[in-house]
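Notes for the one structure printed next.
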Amino acid sequence: MASKEKNTVAPPSFGNTRVIGINSVLADYKLVWLFNRHLSIKLTRQDDLVHGDGIYPYYHCSAEENSPSYGLLAVSFNKKSSLSFKPRLDYLFIIRNESIPTHINAMFEKIKALEGVNYAFLMDGYMERLEPALYDVENYDDTTLVIKQRQRNSPEHAKEEIRQRNIILGLSKD
């Protein structure tokens, strides 16, 4: 009797990826400004990343193929969190293809020292828990960008943003 082959899909490999978990009181754009200034990188805002049932700000920087790339994903946004960790995380700083460990350690020390960063830690022991978020970042492509851009340009989205801002500013109790 012939043996049956199982069709399996190999999980994505994140072996060349390091992640720094960050808790910060800073808004995402302020943290990105500090990162760009102190880490000498050029993170730029991408369209929001859809993860689970939420939409989260995402910033990315990449030079050339096979060179290091960096991403900053807000995992806590609009009172929603895509990851439950204790202590609480607000951001994931994702480093891919960095082959020199001393660069990662130097970046980590600079991040911990930034004003507005409460704490930061290397998440090497948590990679399995981070896989869903990393998988969404890895599969972030032009199709997602086009769909999210259309949604952001819709009149309904603009009305909802105004409503949310008014609630935050105390102008509305809705």
His38 side chain vs Lys110 backbone, donor-acceptor pair below 3.5 Å: no
Co-membership, hydrophobic cluster, residues Leu31 and Tyr119, 4.5 Å side-chain: no
In one Ile/Leu/Val/Met/Phe/Trp/Tyr side-chain cluster, 4.5 Å: Tyr29, Leu73: no
Contact check, side chains of His103 and Asn105, non-hydrogen atoms, under 4.5 Å: no
Intermediate values then yes/no, side-chain contact (heavy atoms from CB on, under 4.5 Å), Leu122 and Phe108: CA-CA 8 Å; Leu122 288 167; Phe108 177 58; 4.2 Å; yes
Tyr58 and Asp48, any side-chain heavy atoms less than 4.5 Å apart: no
Distance-only polar pair, side chains of Tyr59 and Asp28, donor-acceptor under 3.5 Å: yes
Residue pair Met107 / Ile95, side-chain heavy-atom distance below 4.5 Å: yes
Audit row: Trp33, Leu43, side-chain contact (heavy atoms from CB on, under 4.5 Å) steps and yes/no: CA-CA 8 Å; Trp33 183 81; Leu43 290 169; over 6 Å; no
Side-chain donor/acceptor of Ser69 to backbone N/O of Cys61, under 3.5 Å: no
Intermediate values then yes/no, side-chain contact (heavy atoms from CB on, under 4.5 Å), Phe35 and Tyr70: CA-CA 11 Å; Phe35 274 34; Tyr70 309 100; over 6 Å; no
Nearest-0.5 Å distance that lies between atom NE2 in His60 and atom CG in Asp47: 14.0 Å
Asn23 side chain vs Arg88 backbone, donor-acceptor pair below 3.5 Å: yes
From Lys42 atom NZ to Asn36 atom CG, the distance as rounded to the nearest 0.5 Å: 9.0 Å
Heavy-atom pair of closest approach, residues Ser24 and Gly116: OG-O, 2.7 Å
Sub-4.5 Å side-chain heavy-atom contact between Ile20 and Tyr91: no
Leu89 side chain near Phe121 side chain, heavy-atom distance below 4.5 Å: yes
Residue Lys30 excluded, over 12 heavy atoms near NZ under 6.0 Å: no
Distance in Å, Leu39 CG paired with Arg37 CZ, rounded so as to fall on 0.5 Å steps: 12.0 Å
Non-hydrogen side-chain atoms of Leu72 and Leu92 separated by less than 4.5 Å: no
4.5 Å side-chain heavy-atom contact, Asp90 and Ile22: no
Side chains of Val25 and Asn118 in contact at under 4.5 Å (non-hydrogen atoms): yes
Atom of Leu34, atom of Glu115 and distance for their closest heavy-atom approach: CD1-O, 3.7 Å
